[in-house]
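Report on the following structure.
Since this is a predicted model, take the numbers as computed values, not measurements. In each ligand, atom 1 is the first atom listed, and ligand 1 is the first ligand listed. Hydrogens, waters and symmetry mates play no part in the numbers below; they use all other heavy atoms, side chains included.
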Amino acid sequence: MKGKIIILSAPSGTGKSTVIHRLMENAALNLGFSISATSRKPRNGETDGKDYYFITEEEFTARIERGEFVEYEEVYAGTHYGTLKSEIERVCDSGRNLIMDIDVKGGVNVKKLYGDRALSIFLAPPGMEILEKRLRGRGTDDEHTIRRRLDKAGFEMSFAPEFDLTVVNDCLNKAVAEIERAITGFIARP
Ligand code: ADP
Ligand code: 5GP
C-alpha cells in the first residue's frame, strides 16, 4: 500500500471539516479524503458518497459482522461512524496521502495500527465558550444534539496528549498553516 495517513481529531464543532477543506486545496500535499460510513442522517448540504456513506444502523451492523471496517465507534449513543477497509485501499492505491476526520478514540486506534506511517493531529478549540458558539453558529444541529456534543467535548479534550501534535484552531489561517507545515515535513520523510 502506498501513501501516508493523516489523522485529524477534535471535539465536534472545533473546525475539522473546515480545516480539511482548506488542506485539500493544497495540491502539493496530494491528499485524498477518507469517506467514512455513518448511521447519522445527512445534514443540509451533505452528499452521500462525498461527505459520508450514509447507511442505516442495520446495514452498519451487518458490515461490522462482515469485517468490512478498519475501525468503528459508536461516537454518540445509537450513532455509528467507521472507516471502511475499501476506503483506505481506494485512496492509498491511487498514490495519494489519506486524510481522516475521525473521533478521538478512532484516531488513537488508527495511529496504533499504522505507527510511523500515520501522523495524528489533535485540533483543539480555543475554549469551551468558543466551541459552543461555533456549534450554534454552524446552524446544522438541534439543541439536543448540540448539548450532547458539548457534554462530550471535555472527555474528548483529555485525549490530546495521545496525539503526535496538538494545534489550536483559533485563527483559521494560522492553524491551517501550522498543519500544512507538519504534513509537508511528515510526507517528505522516507
Ligand atoms: P467540525 O468538523 O470539527 O465539527 P466545522 O468545520 O463544521 O467543525 O466547524 C464548525 C463551525 O466553526 C463552522 O461554522 C465553521 O465555519 C466554524 N469555524 C471553523 N474554524 C473556525 C475558526 N478558526 N474561527 C472561527 N470559526 C471557525
Ligand atoms: P459529525 O457527525 O459531526 O460529522 O461527526 C461526529 C464525530 O464522528 C466527529 O468527531 C468525527 O470526527 C467522527 N467520525 C467521523 N467519521 C468517523 C470514522 O470513520 N470513525 C470514527 N471513529 N469517528 C468518525
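The protein non-hydrogen atom at the shortest distance from atom 15 (C) of ligand 1 is Thr18 OG1, 3.6 Å. Residue, atom and distance of the protein heavy atom nearest to atom 7 (O) of ligand 1 are Arg138 NH1, 2.9 Å. In this structure, the protein non-hydrogen atom closest to atom 3 (O) of ligand 1 is Lys16 N, 2.8 Å. The single protein non-hydrogen atom nearest to atom 3 (O) of ligand 2 is Arg149 NH1, 2.7 Å, given as residue, atom name and distance. For atom 20 (N) of ligand 2, the nearest protein heavy atom (residue, atom name, distance) is Glu71 OE2, 2.7 Å. Shortest contact from atom 8 (O) of ligand 1 to any protein heavy atom: Gly15 N, 3.1 Å. Residue, atom and distance of the protein heavy atom nearest to atom 13 (C) of ligand 2 are Asp103 N, 3.5 Å.
The shortest N or O to N or O distance between Ala37 and ligand 2 is not under 3.5 Å. Some N or O of Thr83 is nearer than 3.5 Å to an N or O of ligand 2, by distance alone. Among the atoms of Cys171, none of the N or O lies under 3.5 angstrom from an N or O of ligand 1. Where the criterion is an N or O separation shorter than 3.5 Å, residue side chain and backbone included, Asp101 fails it with respect to ligand 1. Note: an N/O pair closer than 3.5 Å links Gly13 and ligand 1 by distance alone. Between Arg138 and ligand 2, no N or O atom pair is found at a separation short of 3.5 Å.
With ligand atoms numbered from 1 in the order given, ligand 1 contributes 22 (C), 23 (N), 24 (N) to contacts under 4.0 Å with heavy atoms of Asp170. Heavy-atom contacts of Leu172 reach the following atoms of ligand 1: 23 (N) (cutoff under 4.0 Å). Near Ser12, the atoms of ligand 1 lying under 4.0 angstrom from a non-hydrogen atom of the residue are 4 (O). Heavy-atom proximity to Gly82, at under 4.0 Å, picks out these atoms of ligand 2: 18 (C), 19 (O), 20 (N). Against a heavy-atom cut-off of under 4.0 Å, Arg40 is close to the following atoms of ligand 2: 1 (P), 2 (O), 4 (O). Of all atoms in ligand 2, listed by their number and element, those nearer than 4.0 Å to a heavy atom of Glu73 are 22 (N).
Side-chain contact annotation: His80 with Glu73, donor-acceptor N/O pair under 3.5 Å absent. Between the side chains of Glu87 and Tyr53, at least one donor N or O sits under 3.5 Å from an acceptor N or O.
Salt-bridge check for Glu46 with Arg40: passed, with a basic side-chain N closer than 4.0 Å to an acidic carboxylate O. A salt bridge links Arg43 with Asp141; the closest basic N to acidic carboxylate O contact falls under 4.0 Å. Look at Glu59 and Arg63 and you find a salt bridge, because one of the NZ, NE, NH1 or NH2 atoms lies within 4.0 Å of a carboxylate O, short of that distance.
In this structure, Lys105 fails the cation-pi test against Phe159, since its NZ or CZ atom is not both closer than 6.0 Å to the six-membered ring centre and inside 45 degrees of the ring normal. Figure legend: cation-pi geometry between Lys111 and Phe163 absent, as NZ or CZ is not positioned both under 6.0 Å from the six-membered ring centre and within 45° of its axis.
Nearest residue to atom 26 (N) of ligand 1 from Arg22, Arg134, Lys133 is Arg134 (criterion: closest heavy atom). Within the set Val176, Asn169, Leu135, the minimum heavy-atom distance to atom 20 (N) of ligand 1 is found for Asn169. Of the listed options Pro11, Ser36, Ser34, Ser36 places a heavy atom closest to atom 18 (C) of ligand 2. Looking at Lys16, Glu156, Arg43 and measuring to atom 9 (C) of ligand 2, the nearest heavy atom belongs to Lys16. If you check each of Val75, Asp101, Thr79 against atom 11 (C) of ligand 2, the one with the closest non-hydrogen atom is Asp101.
Residues Leu131 and Thr14 have side chains in contact (heavy-atom distance under 4.5 Å, counting atoms from C-beta outward). Put simply, the side chain of Ile102 reaches to within 4.5 Å of the side chain of Ser9, judged on heavy atoms.
Arg136 pairs by the salt bridge (Lys or Arg N to Asp or Glu O under 4.0 Å) definition with Glu132, Glu143, not counting sequence neighbours.
Note on ligand 2: Lys105 sits outside its first shell, no heavy atom being nearer than 4.0 Å. Using a 4.0 Å heavy-atom cutoff, Tyr52 is listed among the residues neighbouring ligand 2.
Looking at every heavy atom in both residues, Cys92 comes nearest to Leu98 through SG-CB, 4.3 Å. Residues Ala118 and Phe186 share a closest heavy-atom pair of C-CZ, 3.5 Å.
Interatomic distance, CG of Asn109 versus OG1 of Thr83, reported as 10.0 Å (0.5 Å rounding). Expressed to the nearest 0.5 Å, how far CD1 of Ile121 lies from CD1 of Ile179 amounts to 5.0 Å. Between atom OG of residue Ser34 and atom CG of residue Asn97 there is a gap of 13.0 Å, rounded to the nearest 0.5 Å.
Aromatic rings from Tyr81 and Phe60 are positioned such that their centres are separated by 6.0 Å or more.
At a heavy-atom distance under 4.0 Å, no atom of Met100 approaches ligand 2. If you look at Tyr76 next to ligand 2, the close heavy atoms, those under 4.0 Å, all belong to the side chain.
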